[in-house]
Structure formats: C-alpha cells, structure tokens
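One structure is given here, and the rest of the page talks about it.
Model, not experiment: these values are computed from the prediction. As the structure lists them, so they are numbered: ligands from 1, and atoms in each ligand from 1. Along the sequence shown, the residues carry numbers beginning at 1.
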Amino acid sequence: MKPTSPRAARRLAKKQAKSGALTLADLLQRVERSRIKGVSGTLETRAKRILASYLQTAQTYGLPVKQVVDEMASGQAAWRLGHAVRDEMLKTPPDAVRKAACKEGCAFCCILSGGEGGVITGFEAAQLHAALSPLAGQPDGRDWHPQACPALDPESRACRAYEARPMICRSFLSTDAAACEANANGGTEQGAGLLGSHLDYLAVHALCRRVLKGITAVQTYSLAAIAREATEGAEAETALNAARHGPAVLEGACRDAMAASAS
Ligand code: SF4
Ligand code: SF4
C-alpha cells in the first residue's frame, strides 16, 4: 500500500529497513521525491541525477541494500561520486586549476581561521582519525601557527595525513599564494576558492541525508575538531562525539559553497 503522507512513508521505510524489505528501487523513489533545503533547483537536479546513477549501478551489480545504505550514511557514496565528478572536470581543467599556485609546504589554506576547518563526512572523519592518532603527542601544525590544522607538520608544513585528507582539502586551490597568506591573517583577497565539484559532493551528501530520513542518521563533522582530538590522543568514538555537527551545518555549507561559486 502506498503511504499517504511523508511521515507514513518514513515509518514504512524504517520498518522495511529493519525487516530487510527495503530495496534499491525504494531508495530510487525516495531520491525522486526528496528535496534539499535551501539549494538551487539546478544543483538539486544534478545531485539527484548523480545519486540515482549510483543506485542504478548498485542495482546492476546486485549490491546488498544494507551496504548501499551504509555507504550513503557514512559519506562513502558522496566521496566516490564527488571524485568521479572531479575527475571528469579535470579532463578539461579550468583556468583556476591550470594557473593554481598550490604546492607542498605552502600551507596558508591549512590555517583554519574560522576554527571549524570545514564540513567532513563520517567516512572522512574516520579516515583522518586513523591517519593522525598514531602521531598523537608529536609537534603539530599549531607549533607553527596557533590556528593551523593539527594535521600539518610544523617544520615542512606538509599535510601529515595527505592520503586521508578530506574532500574540502582536495578541492581548495588558489592562483595567488600571497592572497592566501593575507586571507589567513584576516584579509579578503581574491584568487582562492573551491572546485565546482565540491558543490556536487556536498549536495549529494545532503541528498543522502534526505533520502535516508527515518531510516538512519547521516552526520557531518568538523575537520579541525577531528584533527585536534586525534592528535591529542582521543579514541575514535570520543573524537567523533566531540566533532559532530548539528543538523543545519551541512545545508549551510551547501548554501555557502553555492554563494561562493556564484560570486
Ligand atoms: S590554496 Fe593557497 S595556501 Fe593553499 S597551497 Fe594553494 S596557494 Fe598555497
Ligand atoms: S587535513 Fe591536511 S590538507 Fe587538510 S587542512 Fe589539515 S593539514 Fe591541511
């Protein structure tokens, strides 16, 4: 029987998920019906197309629905899909990429002046924690600059969690390192920004949250807080609890990224 209201649909989905009756076709229907609060229609349509193609591929390969739900909830789905969009975009690199001034040791963008460091998923938070916790107690980025990301090496200013760095670190670039230095000290210089693919990445994760509403929670975390907790020796669960965002932060990040890409 078709549910008569969104609340009834959520109750039904929760029951289906518990009993193992939830299918990938159900998730596809939920993608069609879901809305991402506060993002443009174009971005929402793109996120729906990307997530629907992921679910169709999962159907083709017969992936278990539990695995798919877990990947969507942790952010692993958004991670893979964000990379696919990014790789496609980099086949014809835009000016911002071709003229980027970024290089190892140029770490003004790792000074997290806002304190937050950016929105990361549970998948990214777990990877970052695993990479940094063996380095607990060693000198870290804050020995170079009080607001630097603790993942940074204070001498070489290279990221000590390079392979595990989150998407936001992979998406940020600039054509002007001097502008980055000025901005790290409170300036408002032009030249730096996020790749457009980051917007799709955030929107897909926000869409996963809407699609899984009533089935399972989709969380986000503060990059700076996870790095700090890990380098101060906190266990993964403690670090995740300390760094977990409230529910409005992800949609807020989507809106900020949209505004930045439009400016
Ligand atoms: S974004 Fe700016 S500070 Fe970061 S590596 Fe590129 S030029 Fe350097
Ligand atoms: S995780 Fe690495 S790349 Fe990202 S802000 Fe921290 S030091 Fe910089």
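More than 12 non-hydrogen atoms from other residues, nucleotides or ligands lie less than 6.0 angstrom from CD of Q67.
Side chain of Q76 to main chain of F123: no donor-acceptor pair is present (N/O by atom type, distance under 3.5 Å, no hydrogens or angles). With K48 contributing its side chain and E32 its backbone, the two residues share a donor-acceptor pair below 3.5 Å.
Residue contact annotation: C159 places no N/O/S atom under 2.8 Å from atom 4 (Fe) of ligand 2.
Side chains of I215 and R30 form a contact here, defined as non-hydrogen atoms less than 4.5 Å apart.
Heavy-atom contacts of F172 reach the following atoms of ligand 1: 1 (S) (cutoff under 4.0 Å). Below 4.0 Å from some heavy atom of F108 lie the following atoms of ligand 1, by number and element: 3 (S). Shown in contact with S174 at under 4.0 Å from a heavy atom are these atoms of ligand 1, numbered in order with element: 1 (S), 2 (Fe), 7 (S). Per-residue contacts place A177 under 4.0 angstrom from the following atoms of ligand 1 (heavy atoms of the residue considered): 7 (S). Residue C169 approaches ligand 2 through these ligand atoms, each under 4.0 Å from one of its heavy atoms: 1 (S), 3 (S), 4 (Fe), 5 (S).
Salt-bridge formation is not detected for the pair R170/E163: no Lys NZ or Arg NE/NH1/NH2 atom is positioned less than 4.0 Å from an Asp or Glu carboxylate oxygen. Between E104 and R157 there is no salt bridge, since no side-chain N of the basic residue sits under 4.0 Å from a carboxylate O of the acidic one.
Of the protein's heavy atoms, C180 SG, 2.3 Å lies nearest to atom 2 (Fe) of ligand 1. Considering only non-hydrogen protein atoms, atom 4 (Fe) of ligand 1 sits nearest to C109 SG, 2.4 Å. The closest protein non-hydrogen atom to atom 8 (Fe) of ligand 1 is C106 SG, 2.2 Å. Ranking protein heavy atoms by distance to atom 6 (Fe) of ligand 1, first place goes to C102 SG, 2.3 Å.
Selection from C149, G141, A227 by nearest heavy atom to atom 5 (S) of ligand 2 gives C149.
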Should Y54 and E71 be marked as a side-chain contact (heavy atoms from CB on, under 4.5 Å) after you check the CA-CA gap, both sets of side-chain angles, and the distance that decides it?
CA-CA 11 Å; Y54 162 80; E71 287 182 0; 2.7 Å; yes
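Taking the six-membered ring where the residue is Trp, W144 and F108 present tilted rings, their angle falling between 30° and 60°.
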